[in-house]
Amino acid sequence: MTDLENILPYLGELIARWLRGFLPSWLVDMIMMAIVGLLIILLMVIVVMALTLLERKILGRLQDRLGPNRVGPYGLIQPVADVLKLLIKEDIIPEKADRLLHFLAPVIIVVPAFMVWAVIPFGKKLVAADLNIAVLYVIALGSVTSIAILMAGWGSGNKYALLGGFRAVAQLFSYEVPMALAILSVVIAAGSMSLQKIVEAQSPLPFVLLQPVAFLIYFICGVAETNRSPFDLPEAESEIIAGYHIEYSGVKWAMFFLAEYINTFAVSAMVVTLFLGGWKGPILPSYLWFFIKVAIVVYVFFWLRATFPRLRIDQLLNFSWKFLVPLAMANLLVTGLVTKLGLVYGIKVTAYWVGNILVGGLGLYLLGRFTPKKALA
Amino acid sequence: MAVALKTQEIVLNMGPQHPSTHGVFRMVLTLEGETIVDLKPVYGYLHRGIEKLSEGRSYLQAVPITDRLDYMCAMTNEFAYAVAVEKLAGIKPPERAEYIRVIMAEFTRILNHMMAIGFLFNDLGAYFTPVLYAFRAREHILDLFEWASGSRMMPNYIRPGGVAGDLPEGFIPQAKKLVAHLWKFADELDTFLSENEIFLQRARGVGVLPPEVAIAYGVTGPVLRASGVKYDVRRAEPYSVYDRFDFEIPTLPNGDVYDRYMLRLLEWKQSLRILEQALDQIPDGPVSEKVPRRLRPPKGEVYGRIEAPKGELGFYLVSDGSDKPYRFKIRPTSFVNLGVLREITIGHKVADVVIILGSIDITMGEVDR
Amino acid sequence: MFGLGLLKGLYTTIKHGIMTYFKGYKHPFPKRYFTGRPAPRLEPEGVGLFTLQYPEEKYSMFPRFRGALMHLRDPQTGQPKCVACGACALACPHGVIEVVAEGKGKERKLVDYLYNLGRCVFCRLCVEACPYGAIEMSHEYELATYENKMVLHLEDLLKIGDRSNVTESGWAWK
Amino acid sequence: MMEEIFQLLKEKFPEAIVEIPEEAKDPTVVIRKEQIREVSLFLRDEVGFNYLSFMAGVDLPERFEVVYYLYSMGREPISSNLGPLAIKVYVEDKTNPSLPTVSDIWPSAFQQEQEIYDFFGIVFEGHPDLRRIFMWEGFPGWPLRKDFENRTFTFKELEPTRPKAPYW
């Protein structure tokens with residue numbers, strides 16, 4: 001197993017050693033980085049293609065359907081057909097569009113989506129750059145998306161797109177705050193901002209058990225950040241048709257699509273890294289564990305999409321500012337207190353639990369009180 | 001908000017090509033931010049001139065045309081037309097035919113309500129799941145229709161004077177099996193959707209239609225009863241054999257989107273009660289009165305109405321003694337119900353317009369005719 | 001408590017998702033490579049896979065199903081039963097049918113029978129009007145064509161009748 | 001029940017009633033078009049016909065008729081339902097037909113009057129937004145009149161009559 005575990009780092013070392021034979025070492029470092037970057041991009045494209053198929057298959061199954069089944073056995077070649085179709089589709093720029101913004105938006109949206117993957121640990125030794133401020137980096141990159149979406153919404157010269165852009169900006173900004181607060185309590189508990197260190201801090205118990213409230217908040221915010229149902233207001237199909245990417249077609253539209261799925265995958269990866277113990281797991285190599293866990297989280301994403309209706313924009317913002325932010329702050333307080341007390345592990349875990357159950361239970365109870373009732377008055 | 005921020009109003013064209021305007025309905029919205037200031041409905045994109053077409057056809061030939069009014073529930077359209085023609089010509093259909101009609105009409109009501117609930121959730125953004133569950137159950141009902149009439153959606157089955165043919169062998173046991181399943185499906189949808197907190201937040205207090213407004217605008221059907229008005233043609237002016245069945249007219253007090261949803265679910269269960277009784281009581285006998293193929297009703301005019309799934313559906317027929325109706329006027333449920341749309345959407349958000357429209361439950365085939 | 005309704009919804013969908021692997025139409029192998037017998041209509045169950053892979057799998061039609069019109073032959077003589085009376089053309093609400101005949105009175109003979117498929121609404125009023133039981137609705141429903149060949153002639157309708165193995169009009173409506 | 005209402009109408013508006021046809025299948029009263037608003041208000045407020053089911057136009061050879069079908073509904077009174085009561089208005093002038101609107105008395109008449117205007121060309125005086133709703137503004141002729149030419153219109157013929165976008 002250790003062989004399997006180390007195969008990729010070993011290969012990298014091999015190539016680097018060979019290159020150092022005839023190249024200066026700074027050039028070798030750069031080449032290695034380029035190779036890693038290319039590998040990640042390639043991986044992401046494959047992952048996105050798989051995700052598009054998986055989403056349709058899973059949604060189909062949840063809806064008593066079969067999902068795509070025409071292209072290849074079990075519809076396995078469907079993503080290839082989709083990509084081909086998108087590549088050869090005509091690229092239309094509306095007459096009223098702001099051509100520069102319209103062109104730049106898909107580029108800008110796709111870059112941060114790829115960049116996030118520089119810091120996410122795929123395995124024990126598989127991380128492109130083990131930054132010590134990785135958490136900050138991820139949060140910062142997440143906010144770039146909203147600029148691109150606003151550019152797309154404004155630049156399309158379409159009222160639906162504009163509405164979508166407005167919604168997206170309001171939503172992304174509101175959900176960044178509780179998200180950051182939720183991550184902060186994890187950071188306090190782990191004592192580091194490096195994602196590798198956070199993963200290593202999750203033994204024996206992953207943070208989902210120690211910080212269930214932070215996990216829930218992060219998960220909800222993650223769904224909102226990636227504009228997925230039930231928070232898919234910026235591209236609400238039934239209201240504003242496709243929101244900010246209504247005027248895009250062909251490759252540009254594919255860019256939005258790519259970014260959305262990479263972000264989904266990235267948020268799942270962050271959930272796994274921060275709360276589900278990252279690449280930790282018995283027997284199987286670490287990167288496999290990572291992908292298995294991410295797949296489960298992604299499945300939950302699709303499951304949510306198949307089940308829930310969408311919130312309205314004011315309810316969405318209320319939910320963030322009036323519920324999630326106070327809850328995250330209370331959770332942060334509890335986490336900080338418990339950590340500061342410096343107890344032994346067992347007692348600390350119990351204290352986390354009690355604190356979380358109190359905070360979370362109170363929050364859900366209050367939320368339930370202010371939700372309209374089914375009762376037919 | 002104390003200080004209202006003044007924003008520029010934008011005019012947004014919703015439809016005719018829009019995923020949640022239920023066909024080719026078009027709304028011209030004036031928005032301030034996301035809030036609706038004004039709404040103007042635009043009709044006519046599916047206008048086929050059914051009234052004019054029917055004036056050029058005999059009374060029997062108009063039956064296939066009525067199928068295409070509200071293509072969701074063709075059976076009740078035919079039923080309403082048959083009731084009108086029978087009133088005009090003084091025909092009394094046989095007992096068994098009346099029971100068959102009631103069975104078909106109640107199945108249609110369930111079918112329409114499950115599709116209405118499903119598409120309401122589509123408008124809410126539940127990505128097709130309730131719709132597809134509803135489609136699935138609907139397919140079983142349509143199987144019955146196809147079995148009896150030969151066509152799923154355009155059955156051409158209920159005719160003036162009776163029905164086109166007797167029920168096939170084995171229909172009634174199968175229908176009973178389906179009724180048992182539909183009870184279960186109603187409960188499943190109830191657990192799936194009714195308590196969903198997101199749905200409650202979206203639907204409670206949205207699009208409130210006060211009873212006085214509803215009556216003034218002539219709104220009928222589930223939309224009216226969800227506003228607390230206990231009016232149902234099946235009870236107010238019993239036609240066919242509806243006076244023999246034991247069922248209730250459910251009403252709900254609030255008149256918002258949630259109540260309209262809930263009322264459809266309750267009515268669905270009442271329809272199942274009617275079906276159980278009708279399937280048990282159905283007598284033997286002929287299924288059609290002898291009606292000449294070129295029916296020449298006496299001179300006069302008549303209005304026959306039934307409680308279609310969407311509300312009161314009626315046909316106003318003027319006969320001049322010839323074999324063609326002189327005037328063929330449809331009282332379209334969806335069209336009249338749509339009249340109240342502007343009243344109940346102003347002040348809501350864009351996202352609410354689509355669900356209010358979805359909760360009114362229209363079919364453009366009937367609106368534009 | 002907030003969230004119970006959401007959990008109920010999640011339970012319903014996952015139940016449906018899991019049950020698709022056990023109930024309903026079974027597709028252990030991609031069905032498209034094994035075309036088989038007509039598929040039965042599912043019993044009302046509520047769960048299970050509901051996808052019918054259409055061009056390969058097809059429903060068996062109900063006897064009363066109304067597809068394209070067909071002409072029936074007299075089993076003794078093998079000639080079309082139609083006597084060109086034109087009742088069907090008169091009964092049709094959309095002017096789909098045109099009967100071409102020769103001669104007058106007893107001599108009247110059917111020459112051709114034009115059936116405009118593009119305008120037909122499959123209402124079966126023509127069949128009900130026919131006093132000789134000469135026409136019936138077939139079970140053919142895959143009627144799309146690549147060419148603009150919407151008008152079917154007598155020989156096409158007779159071919160459909162021969163294919164469908166029906167000798168008596170209204171056999172399903174007894 | 002209907003007899004009393006007819007009696008009431010006869011007492012209150014003796015000059016408004018043109019005739020009460022006996023052979024009609026539904027209780028019918030023909031009202032002069034000038035008095036339709038007063039009679040409507042009376043029927044709605046005093047008698048309780050608060051629900052206008054539908055309005056229909058009929059093009060007879062000698063005149064236009066506009067038919068109003070009235071019912072009543074309330075929060076609980078399933079038993080006390082009135083109706084149907086058909087009110088007919090004869091519009092004798094076939095070239096410039098017009099009659100007063102009732103769209104402020106029964107808001108459900110708003111769209112129905114638009115529809116009748118669209119199909120018959122009957123003008124409802126005082127209607128706040130009288131326009132063609134199914135056909136477009138400028139469509140040649142009134143489709144449900146009996147003198148409407150019943151044939152297929154070509155695109156070339158109709159295209160010049162269509163309003164150009166934006167037309168809201």
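Please read all numbers here as calculations on a predicted model, not as lab measurements. Order of the sequence lines sets the chain letters (A, B, ...), proteins ahead of strands, with each chain counted from 1.
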Please identify, among [options], the residue contributing the most non-hydrogen atom pairs under 4.5 Å to chain B.
options                       : answer
C/M61, C/K8, C/H16, C/H94     : C/H16
C/K15, C/H139, C/E128, C/M137 : C/E128
C/L10, C/L7, C/T13            : C/T13
C/Y11, C/F65, C/F122, C/Y59   : C/F65

Under 4.5 Å from a heavy atom of chain C, the part of [X] involved:
X      : answer
B/L189 : neither
B/I198 : both
B/E169 : neither
B/F199 : neither
B/L60  : both
B/R136 : both
B/P168 : both

Carboxylate-amine/guanidinium proximity below 4.0 Å for [X] and [Y]:
X      : Y      : value
B/D256 : B/R204 : yes
B/E106 : B/R109 : yes
B/D143 : B/R138 : no
B/R152 : B/E139 : yes
B/R101 : B/E78  : no

Between B/R294, B/E188, B/K177, B/M154, which residue shows the highest count of heavy-atom pairs closer than 4.5 Å to chain C?
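Heavy-atom pairs under 4.5 Å are most numerous for B/E188.
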B/A137, B/A180, B/S151, B/A62: which one forms the most heavy-atom pairs within less than 4.5 Å of chain C?
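Heavy-atom pair counts peak at B/S151.
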Parallel, tilted or perpendicular: ring planes of C/Y113 versus C/H71, cut at 30 and 60 degrees
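Plane angle over 60°, so perpendicular.
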Should B/I110 and B/M114 count as side-chain neighbours, where that means a heavy-atom distance under 4.5 Å?
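Sidechains of B/M114 and B/I110: in contact.
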Ring centres of B/F192 and B/Y133 under 6.0 Å apart?
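Yes, close enough.
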Can you confirm if the aromatic rings of B/Y258 and B/Y261 lie within a centre distance of less than 6.0 Å?
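Yes, the ring centres sit under 6.0 Å apart.
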